Amino acid sequence: MPGDSTAGAFAKRFFGRHFGMGSSVMVRVRYAPSPTGSPHVGNIRTALFNFLFARSEGGRFIVRIEDTDQTRKVEGALEDILASLRWLGIEWDEGPEIGGEFGPYFQSQRLKIYQHHADELLKKGAAYRCFCTPQELEEMREYQRINKIPQMYDRRCRGKTADEIGKELASGKPFVVRLAMPLQGKIAFEDAVRGRVEYEASLIDDQVLLKSDGWPTYHLANVVDDHLQQISHVIRGDEWINSTPKHVVLYQAFGWEPPIFAHAPIIKGADGAKLSKRHGDTRCLDYREKGYLAEAVANFIALIGWSPGDNREIMRIQELEAAFSLQGIQPSPGVFDLQKLQWMNGEYIRALSKEQLYEVVAAFDANTKDEQYLESASRAVFSQALKKGDKDYVMRALALEQERVKLLTEFPEACEFFFVDHVRFDDQGVAKWKGQPHIEALMNFYLEHLADKTEMSAEDCEQMVNAAVERLGLLKRALAIHPTRVALTGRSFGPGLFELMALLGAARMKTRFEIAKNVLNA
RNA sequence: GCUCCGGUCGUCUAGCGGUCAGGACAUCGCCCUUUCACGGCGAAGGUCGCGGGUUCGAAUCCCGUCCGGAGUACCA
């Protein structure tokens with residue numbers, strides 16, 4: 001039989017590739033989202049796995065839009081799908097906007113192909129027409145529920161004679177085409193992640209292949225397309241594993257060799273259930289809006305359900321490509337740990353050069369739609385500084401806060417004091433120094449010292465503070481340093497004091513010391 | 001209910017018959033330091049879901065069991 005997919009055939013194809021035994025089937029993988037919403041991170045992780053696998057094997061990565069359910073189509077979903085991929089640096093070799101030799105890449109444009117193949121199955125007897133109405137099916141399921149018997153189509157239309165079918169057809173009754181599953185025996189396939197998976201054929205539903213409106217279901221369309229587009233490996237989420245035997249039977253019915261299947265574990269929320277809206281941010285693009293770097297998100301999701309096999313964790317896309325393998329995919333589900341993502345995002349922020357940081361922050365500020373960010377108290381001045389301020393000044397301000405920030409959204413507040421002379425004084429910081437006997441003298445000393453200054457280096461600033469300590473006879477430098485910080489920034493934490501002073505410059509310092517003199521006085 | 005998949009520190013994971021079960025995030029402590037952070041060092045945290053086998057030896061192999069998840073549509 002041409003469609004016979006034996007373990008031997010599998011081994012030859014699968015291991016041949018990996019152990020250099022001369023196989024040379026081009027690796028072609030696909031990401032096949034349906035435009036029913038903005039893709040969530042689990043979904044995009046699957047795209048990433050496919051992309052990384054293609055790159056690691058020198059193969060091709062295809063994007064195919066599975067829009068066979070007109071009723072579920074969502075406006076803007078396609079744009080979000082492509083934007084998510086592009087954001088993370090997942091480039092496709094064939095698909096929307098770029099085409100390719102196996103197009104069209106929208107299933108809605110391939111209807112004839114599916115109908116033709118459904119007919120072929122009908123002729124072969126591998127599929128049959130079902131005239132059951134939705135109501136009939138609902139009653140059947142209700143009966144099954146009540147009697148606690150497995151819920152599946154009872155195949156009542158499968159035994160219809162040619163005569164009966166002819167009559168139904170003549171009467172114009174709508175019908176669907178169902179797959180005629182084998183009534184006995186086992187359906188097995190070799191999963192690249194889980195090994196052999198086996199099902200009792202009789203327990204699997206006679207899946208609808210063609211709906212009554214003539215459109216295919218996922219099951220038919222994906223098998224037909226995967227074959228026609230010469231997909232070599234189907235890497236998809238574990239939620240698909242239970243429909244895989246149906247697909248295997250379809251490949252057999254058509255006489256086609258099935259691709260290699262690899263089912264990646266699902267991503268769970270903290271409660272252990274599959275990640276969904278209830279868990280908060282799940283859209284891939286949510287993370288872009290909330291100040292995460294694409295590199296961090298890609299790196300992080302790659303590590304849920306996959307591991308390079310060693311202890312590496314911070315891995316950029318090229319490194320991921322080089323390290324990726326199907327063997328590294330884990331069978332067990334993983335929890336999406338936001339804390340770890342944040343840590344990783346901080347790592348990537350710190351790895352940016354001053355210039356890169358500036359560009360990234362400016363682009364983020366200009367593009368994000370995150371309301372919390374846009375409406376935050378310190379964002380307006382920050383945004384203004386980014387657009388109209390002294391670029392070098394802003395860049396250096398960002399650099400001074402770089403190691404303290406985990407999300408791009410944190411910059412406005414962290415840098416606020418660089419851009420406003422009337423800093424917001426932190427109550428605790430003020431309380432600690434307010435009314436202390438040496439404060440007024442300290443401020444006066446600075447004012448006096450600063451009178452004829454313009455340019456000051458960090459060393460100059462340090463010398464000024466040291467001079468103050470000496471003049472006022474303070475026991476510890478800290479007695480000057482801390483209140484100076486509060487006077488200049490309004491708070492008791494932040495970048496190194498002398499660096500921050502140097503960046504602020506003499507003029508700004510003068511203004512602030514004047515203000516602080518009053519604020520810190522009893 | 002039925003089918004399938006899964007089960008190593010709280011979380012992500014390494015492990016693939018012999019390791020003191022390793023790393024990372026988070027937590028705590030110490031160091032560095034003008035603060036916060038970064039960084040460094042260290043601690044705590046796992047009887048490898050549980051019970052049986054196989055074996056000189058099991059997280060690793062087998063069986064059972066429990067728990068969790070996914071699927072069970074004319075959705076993908």
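Because the structure is predicted, anything quoted here is derived from the model rather than measured. Proteins come first, then strands; the chains are lettered A, B, ... in the order of their sequence lines, and each starts at number 1.
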Under 4.0 Å, counting only non-hydrogen atoms across every strand here, what does [X] touch: a base, just sugar-phosphate, or nothing?
X: A:Arg145; value: nothing
X: A:Gly237; value: nothing
X: A:Arg350; value: sugar-phosphate

Span that lies between the P atom of B:C25 and that of B:G51, in whole angstrom: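 So the two P atoms sit 33 Å from each other.
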Using atom P of each nucleotide, how far apart are B:U35 and B:C30 to the nearest Å? 14 Å
Quick tally for nucleotides 19-33 of chain B: nucleotides whose base has a protein heavy atom under 4.0 Å get B, sugar-phosphate-only ones S, the rest -, giving ---BBBSS-------
Before you tell me yes or no, could you show the steps for A:Glu66 and A:Asn222 under side chain to side chain donor-acceptor pair (under 3.5 Å), namely the whole-Å CA-CA distance, both residues' side-chain angles and the distance that decides it to 0.1 Å? CA-CA 8 Å; A:Glu66 310 226 321; A:Asn222 110 87; 6.0 Å; no
Between A:Arg283 and A:Asp80, does any NZ, NE, NH1 or NH2 come within less than 4.0 Å of an OD or OE carboxylate oxygen? yes
Return the pairing partner of [N] with a 3.5 Å limit on both distances, Watson-Crick or G-U wobble; otherwise return none.
N: B:C48; result: none
N: B:A43; result: B:U27
N: B:G68; result: B:C5

Decide whether A:His263 and A:Arg194 meet the rule of one side-chain donor and one side-chain acceptor closer than 3.5 Å. no
If you measure only the distance, is there a donor-acceptor pair under 3.5 Å linking the side chains of A:Gln229 and A:Arg64?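 A:Gln229 vs A:Arg64: donor-acceptor pair found between side chains.
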Is A:Arg141 near enough to B:C74 that one of its side-chain N or O atoms lies under 4.0 angstrom from OP1 or OP2? yes
cation_pi(A:Arg491, A:Phe425) dist<6.0 Å, angle<=45: no
Under 3.5 Å, which protein N or O atoms sit close to an N or O of nucleotides 4-7 of chain B? Give each pair with its distance.
from	atom 1	to	atom 2	distance (Å)
B:C4	O2'	A:Tyr199	OH	3.1
B:C5	O2'	A:Arg194	NH1	2.5

What residues from residues 205-220 of chain A pass a heavy-atom cutoff of under 4.0 Å to RNA chain B?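 Listed by number, they are A:Val208, A:Lys211, A:Ser212, A:Pro216, A:Thr217, A:Tyr218.
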